[in-house]
Asks: 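I'd like to ask some things about the structure below.
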There are 2 protein chains.
Amino acid sequence: MATGRTHRPATRSRGIPEATVARLPLYLRALTALSERSVPTVSSEELAAAAGVNSAKLRKDFSYLGSYGTRGVGYDVEYLVYQISRELGLTQDWPVVIVGIGNLGAALANYGGFASRGFRVAALIDADPAMAGRPVAGLPVRHTDELESIIRDNGVSIGVIATPAGAAQQVCDRLVAAGVTSILNFAPTVLAVPEGVDVRKVDLSIELQILAFHEQRKAGEETTAPSGAGAAAAAAVAARPAAGGRKGPEGDVPAVMPA
Amino acid sequence: MATGRTHRPATRSRGIPEATVARLPLYLRALTALSERSVPTVSSEELAAAAGVNSAKLRKDFSYLGSYGTRGVGYDVEYLVYQISRELGLTQDWPVVIVGIGNLGAALANYGGFASRGFRVAALIDADPAMAGRPVAGLPVRHTDELESIIRDNGVSIGVIATPAGAAQQVCDRLVAAGVTSILNFAPTVLAVPEGVDVRKVDLSIELQILAFHEQRKAGEETTAPSGAGAAAAAAVAARPAAGGRKGPEGDVPAVMPA
DNA sequence: ATGCCTTTGTGAACGCGTGCACAAAGATGG
DNA sequence: CCATCTTTGTGCACGCGTTCACAAAGGCAT
């Protein structure tokens, strides 16, 4: 999962909880797969299993959308696909620009799942003049100078930032100024945006660090010796500035304060 | 943010809440930036602003790690960098394999932030024999046949899946069987894993759909006419199977049931 | 030493999200 | 038409996460 979200916290939009919104795409994907196999109806139990969630949670999620099921039978697949698509706003076309056509930007441009569901790559934009005109995923790369006009001409409201961290905020500012109100940020930076602009962040480094945390914990649980090779390094690296014996989180690293 | 997580729900590891763990990398990044500018200390207010969070939340987060601040002064940057690094398990080296060296896999392999923080790309693996041996990001691509031996020889416990959706579960199974216990999944699929294996999911498509939802809501709020061009399409596409007048989520699409 | 000022650390309240468990609803068979 | 069986929709309780607000703690000037 990508982490981080920058939403207005309270404004539960239209009564649908944020957590539910985040799961709707999951259900939609599972339903689409069923639809392609021409499965007419599905029970909450089956669908929940396919989406990897609890069936009670799924039913409650759907209850926010309305009463779309039939008791004793289940949910009509096609109908539900449409309802969720509509709720997510996928019945309309969303032009998207990708800024920063490096390795990642190119990968995103080539991503098939992009176009499949209402999203259309309106333009690829890069700051490097040498990139300009070169085709990537069948589209010619445009230069950053054209950013504003591209946004306006295509009515783009969703922008994807795949630039280096240093350029992200500047690109973000220009996108927002040009009218973009939703941003998907792949650059490892915290973006500052005005009220009313949604930012979602996808950060590989953060995901790995979270995994490392759990990995370390798992490793520490097997061998009940928390003081591994890292302890020595701890004493070497960490130099507690203030005096006074501090205790670690739970007695771990007991007073390793050299000074 | 990448969405989705597959953790054991309850097991609050070592007393540090999951939500806090997810923010630690954010703090760490902000602190590292401060460290490079040789800033000695930072207050919770300043650091919170840099990390894009509430200062009260930051202080509570740090309180789970221990009492590492000095009242009236703030936090020692270097010391905090070390404490968080240690807590996240970044003081040790984590060998990582990337499976699926397409556009995305190559982008990940080239990602700089990878090596910077304790993570080392042990191998790039792809199923295409034509890829084998070709250097990507300075590493020769290895064939899938070698997956198990690579995992074992390098003691890899973290795997990154960047394959097409169809291959993801199979790759996942092999990774887990070979000893991987943490997986970062970029394929748009729900992965089934045994107990004790952590999966984090990064899904571009889902992120975009969530943005589209909010975008649609914003658009619908300006123009107070929810019944847009989509309504007609609704009647055309949706064919409610069961009879009986259903009402939409809040009166929207009122009884558009062609029967 | 003393008092003031800054900033941390945390107790408490609140709200959101999750899961249980069950009543209501509808299908189905006789 | 009635009984039975399946599955939905949801009231309720619980736990996690967030935020407020403040007392305690330490630095610093006098």
Side-chain angles (χ1 to χ4, degrees), chain A residues 3-13 15-24 27 40-49 51-77 79-80 83 240-244 246-247 249, chain B residues 3-13 15-24 27 40-49 51-76 79-80 83 240-247 249:
Chain A
T3 26
R5 62 183 65 172
T6 314
H7 289 301
R8 17 200 163 170
T11 316
R12 175 184 283 196
S13 37
I16 301 182
E18 188 61 29
T20 295
V21 172
R23 279 187 295 266
L24 289 182
Y27 302 144
T41 60
V42 66
S43 72
S44 65
E45 202 70 49
E46 295 166 325
L47 185 54
V53 303
N54 185 302
S55 72
K57 196 186 301 189
L58 179 142
R59 286 198 301 276
K60 180 146 292 195
D61 284 341
F62 285 175
S63 78
Y64 292 116
L65 307 184
S67 275
Y68 292 152
T70 306
R71 296 172 192 233
V73 176
Y75 300 91
D76 181 81
V77 172
Y79 185 65
L80 204 47
Q83 286 300 338
R240 189 76 232 293
R246 300 296 177 97
K247 69 167 189 351
Chain B
T3 25
R5 61 183 67 172
T6 314
H7 289 301
R8 18 202 160 162
T11 317
R12 177 185 281 196
S13 38
I16 301 183
E18 189 61 30
T20 295
V21 172
R23 280 188 295 266
L24 288 182
Y27 302 144
T41 61
V42 64
S43 72
S44 65
E45 202 71 49
E46 294 166 324
L47 185 54
V53 302
N54 187 301
S55 71
K57 196 186 301 189
L58 179 141
R59 287 199 300 277
K60 179 142 289 197
D61 283 341
F62 285 174
S63 79
Y64 292 116
L65 307 183
S67 275
Y68 292 153
T70 305
R71 293 170 193 236
V73 176
Y75 299 92
D76 182 81
Y79 186 65
L80 205 46
Q83 286 300 339
R240 189 79 232 290
R246 300 298 176 95
K247 68 169 191 342

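Chain identifiers are assigned alphabetically (A, B, ...) following the order of the sequence lines, protein sequences preceding nucleic acid strands; residue numbering begins at 1 within each chain. These figures come from a predicted structure and were not determined experimentally. Below, each value reflects all heavy atoms present in this structure, side chains not excepted, and no hydrogens, waters or symmetry copies.
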Asks: Compare all side-chain heavy atoms of B/I16 with those of B/L65 and state whether any distance is below 4.5 angstrom.
Replies: yes
Asks: Which pair of heavy atoms, one from A/S55 and one from A/A48, lies closest together, and at what distance?
Replies: CA-CB, 3.5 Å
Asks: Grab the NZ-P distance between B/K57 and C/dT8 for me, whole Å please.
Replies: 17 Å
Asks: Specify the separation, in whole Å, of atom CZ of A/R59 and atom C1' of D/dT6.
Replies: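 Computing the A/R59:CZ to D/dT6:C1' distance gives 12 Å.
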Asks: In terms of the nearest nucleotide of DNA chain D, which residue is placed more toward the 5' end: B/T20 or B/V73?
Replies: B/T20
Asks: Given atom CD of A/E18 and atom P of C/dT18, what is their separation to the nearest angstrom?
Replies: 11 Å
Asks: Which heavy atom of B/S44 sits nearest a heavy atom of B/L58, and at what distance?
Replies: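 Nearest pair, atom of B/S44 first, then B/L58: CB-CD2, 3.7 Å.
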Asks: Determine: side-chain N/O of A/Y64 to OP1/OP2 of C/dC16, distance under 4.0 Å, yes or no.
Replies: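 So the side chain of A/Y64 is outside the cut-off, no N or O lying under 4.0 Å from OP1 or OP2 of C/dC16.
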Asks: Rounded to whole Å, how long is the line connecting atom CG of B/D76 with atom P of C/dT8?
Replies: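 These atoms are roughly 13 Å apart.
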Asks: Looking at D/dT7, I'd like to know if its phosphate oxygens (OP1 or OP2) sit under 4.0 Å from a side-chain N or O belonging to A/Y68.
Replies: no
Asks: What is the distance from CG of B/N54 to P of D/dC20, rounded to the nearest Å?
Replies: 6 Å
Asks: Can you list the residues that meet the ring pair (Phe, Tyr, Trp, His ring centres under 6.0 Å) rule with A/F62, with sequence neighbours excluded?
Replies: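 Counting only residues at least two positions away or on another chain, A/F62 forms a ring pair (Phe, Tyr, Trp, His ring centres under 6.0 Å) with A/Y27, A/Y75.
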Asks: In whole Å, what is the span from the CG atom of B/L47 to the C1' atom of C/dG9?
Replies: 16 Å
Asks: Taking the nucleotide of DNA chain C with the closest heavy atom to each, which residue, A/R23 or A/R71, is nearer the 5' end?
Replies: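 Whichever sits nearer the 5' end wins; that is A/R23.
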Asks: Is A/S44 near enough to D/dT7 that one of its side-chain N or O atoms lies under 4.0 angstrom from OP1 or OP2?
Replies: no
Asks: Could you pick out which residue, B/S43 or B/K60, lies toward the 5' side of DNA chain C when each is mapped onto its nearest nucleotide?
Replies: B/S43
Asks: In this structure, how many angstroms lie between the P atom of C/dG17 and the CD1 atom of A/I16, rounded?
Replies: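 To the nearest whole Å, that distance equals 12 Å.
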Asks: Quick one: side-chain hydrogen bond (donor to acceptor under 3.5 Å, both in side chains) partners of A/T20, sequence neighbours excluded?
Replies: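 For A/T20 the side-chain hydrogen bond (donor to acceptor under 3.5 Å, both in side chains) partners, ignoring immediate neighbours, are A/D61.
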Asks: What is the distance from OH of A/Y75 to C1' of D/dT6, rounded to the nearest Å?
Replies: 13 Å
